[in-house]
Every structure is written in C-alpha cells, then in structure tokens.
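Let me begin by presenting the structure, written as structure tokens, before commenting on it.
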Amino acid sequence: MVAKTSLRARLLNGQTGDPALLIQLRWQGRAVLIDLGRIDRTPAPVLFPIEAVFVSHTHMDHFMGFDQLLRLFLARDTTLRLFGPPGIADCVQGKLAGYTWNLTDEYVFSVDVTEIGDDTLTHWRFAARDRFARTDLGTTARHGPVVLEDPFFRVEAAALDHKIVSMAYAVIERTHLNVRAGALEAHALRPGPWLNVLKTAVRRGAADDTAIEIAAGDRRPLGTLRDMLLDVTPGQKVAYTVDTLFSPTNAKRIIDLARDADLFYCESPFLDEDIDQATRRYHLTARQAGALARAARAQRLNVFHFSPRYEGRYGMLAAEANAEYLGQESRYGELDRGHAPLP
Ligand SMILES: [Zn+2]
Ligand SMILES: [Zn+2]
C-alpha cells in the first residue's frame, strides 16, 4: 500500500532554515513547493519540475526565494502558478517592478497568480513578453477548501490568523482505483466506459446504492461493483502549517485541514516555557504543534521553523512536540474531544 503512494516531501532547508517544502510527484517528474523561503542552496535540477508554489504569507523568510525561482525559470517555456493569501499579487507585482524587462519580449514564461479568498479565487497573469505587466484573468468561485484540482492530486487551503492571513495547505493524492486482475472475467462482465463512470463515482464518494449502467438496461449498485471489482488505495496526504496563533478558530481549521494526514509538517518555533513570547508573536509552541497533530490523527508529525534562540538545543523542540503528540503529556487534551482549546 505504501509503495503505491507517489508524494515525496522534503524541507529544502531542514528544520531550522527558511520554510520551503518540496513535494515531488514520484514517477511523474513533477513537483509543487509550499512556501518560498531562500532556495539558493538547492540545485536547479531539483527546482525545475516545480509547477506551482503555495505561499503561506509574504513575511520575508517565506517569500524571498521568489527572485531565485524567477531567475531560474525566466528563459523557460513554461508557466509557474503561484497561490497565496489576498494581497499576494501586489507583492509579486512589487518584486517584478524591481527589475528592468526591456529584453524579454520573446520569452514565453509567465507567472499566474491566484489569490485565495473565502469564496473566490482571483487570478492574474504576469507575462515576460508583456514586461510582466499585470493582467486580470478574472475570478472563479471556490467551493469548500479546494484551491487546485489536478488529475493526480488536489490542494486544499485554510486561512489562519498570524495577525495577517497565513495560509495552511494540504496536498492530497487522488485515490488509486485499480480493477482487480481477473475480476471482470470472474463475474462475466465486459469492460467498457462504465468502468470510468464507476471510478469517478467512487472517487466522488457517491452513495453505495448509486446505479451504474454496465450494459443497456443492466444497472447495478455502485457498492456491489466496487467491492467486486476495485482495489481502492487511498492517496497520500501531506499537510503544512506555519506561522499561526494558537486560537480556537485556528486550531479547528488546522485540525480539519490536517485530519488523517500521512505527514503533517507543523511549525514549532518556541518551547512551551516561552509560550507568552509565542502568543505575542502569533506563533505556535512545540507542545501546541504536537497537540494539533494528535487531534488531527496525523500519522506522522514533522516539526520545523525552529527559532534560532534554541540553537544547540533544537532537539528539545522535537522532543516536546512528540511528547504531546504521542499523548505522554496532554495539556491540550480537550482538542481531541473536539472542544476549543483553553485560552
Ligand atoms: Zn510570519
Ligand atoms: Zn515564519
């Protein structure tokens, strides 16, 4: 089951450097990046497969890599998609305005920016051939948490409070549906377009009694066909949260987004002993990260974005997060029961 998963995630700057989580789609030569801190120490061939970047917010340590990515991609025949909170198009425009673009008319490269609102996605294009002038591509409605649908994965987002919006993300691989070898023959069924109808309905979570027409006049319930024919392997889920206050609203949004994640990357800049500092700066403590991961029933917690004040004792941050995550300590036990965290 694990072997079928195709998402491979890694922090380009480890637990202590600027946030930048590369998620490679194994076997496809494709990748997405969550957050865009400095990336100049990552070899270009590792970055070239990036198709989309999801930025949490534009504090410098999360966005200064934009220039480096732009420099790498400028002469390439490609479009880079960039998602972020409302206002990010202004930040992209501001960065692009800092350079001179008189010799790029032949370039094909463009940056397509999407601002993630509560109910709408707002799109702009900055094309090299137009000297990166900002073009309005209109808005689309946003239904639920999804901000990008791809044939192989989808991306969900949740707006968190960091005194500005800090966007949390989850990359979710699509469920693998394979027709079990020999199953059609065993049930005397003929393959046909109905198999795709069945798979699509299963992926959408349609009810078991949904009728699927497998031949003229022959309709069977989805649940029966699925159990008879399909191997269903859930896709892998990677969730990512940085720079956020530990408030009841934020905690609920993080838990909803990261629920049952295979991998949960959560910021953990401060120790519990510095909780006042963490709260003042709208950040989580390691213990809070652990509590969120436990409440979300994440399979694995990776903490990062450590404050340099703990240099020489970074291990304490991971240890504190893990103790809470594994339930050895449970200051925040009320989260598991679905209640809001205590102030
Ligand atoms: Zn920040
Ligand atoms: Zn930060």
Side-chain angles (χ1 to χ4, degrees), residues 9-23 32-42 53-69 82-92 94-95 113 115-117 147 157-171 238-247 249-251 253-254 257-258 263-272 274-290 292-293 301-311 313-314 316-318 320-321:
R10 87 180 149 103
L11 291 165
L12 295 180
N13 303 306
Q15 290 171 300
T16 57
D18 282 4
L21 179 70
L22 183 73
I23 301 179
V32 300
L33 185 69
I34 308 185
D35 261 346
L36 196 42
R38 64 178 293 187
I39 50 169
D40 54 327
R41 283 166 292 193
T42 304
V53 182
F54 299 85
V55 177
S56 61
H57 63 302
T58 50
H59 281 159
M60 201 170 179
D61 52 328
H62 298 259
F63 196 48
M64 68 174 284
F66 178 84
D67 289 36
Q68 290 150 3
L69 209 55
L82 192 139
F83 295 75
I88 195 160
D90 287 344
C91 294
V92 168
K95 278 188 168 286
V113 177
E115 287 188 356
I116 301 168
V147 296
L160 306 176
D161 179 11
H162 176 48
K163 218 169 182 178
I164 51 171
V165 172
S166 176
M167 205 60 80
Y169 296 101
V171 177
V238 181
Y240 176 98
T241 293
V242 284
D243 293 44
T244 182
L245 178 71
F246 191 73
S247 67
T249 306
N250 281 346
R253 288 181 180 183
I254 294 166
L257 184 82
L263 282 173
F264 178 32
Y265 286 85
C266 189
E267 76 150 351
S268 179
F270 293 99
L271 285 172
D272 184 56
D274 295 315
I275 190 167
D276 293 341
Q277 174 87 347
T279 306
R280 258 201 317 279
R281 305 193 61 180
Y282 281 65
H283 276 289
L284 299 176
T285 66
R287 179 175 275 189
Q288 290 164 345
L292 291 164
L301 169 65
N302 286 327
V303 287
F304 71 109
H305 207 11
F306 296 165
S307 164
R309 67 166 59 199
Y310 303 109
E311 191 166 359
R313 52 191 188 119
Y314 285 133
M316 291 175 71
L317 289 158
E320 182 179 294

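All ligand and atom numbering here is 1-based and tracks the order in the structure.
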Practice problem: Quickly, which of Val242, Val238, Leu263 forms a side chain to side chain contact (heavy atoms under 4.5 Å, CB included) with Leu21? Name it, please. | Solution: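 Among the candidates, only Val238 passes.
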Quiz prompt | Option among Tyr240, Phe54, Phe83 that satisfies the ring pair (Phe, Tyr, Trp, His ring centres under 6.0 Å) test with Tyr169 | solution =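 Result: among Tyr240, Phe54, Phe83, Phe54 is the only option passing the ring pair (Phe, Tyr, Trp, His ring centres under 6.0 Å) with Tyr169.
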Quiz item: Asn250 and Leu284: side-chain contact (heavy atoms from CB on, under 4.5 Å), yes or no, with the steps?
Solution: CA-CA 11 Å; Asn250 281 346; Leu284 299 176; over 6 Å; no
Side chain [X], main chain [Y], donor-acceptor under 3.5 Å:
X      : Y      : value
His162 : Tyr282 : yes
Asp61  : Asp18  : no
Gln68  : Arg38  : no

Quiz item: In the protein, how many N/O/S atoms are under 2.8 Å from the Zn ion (ligand 1)?
Solution: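 My tally for this metal is 4.
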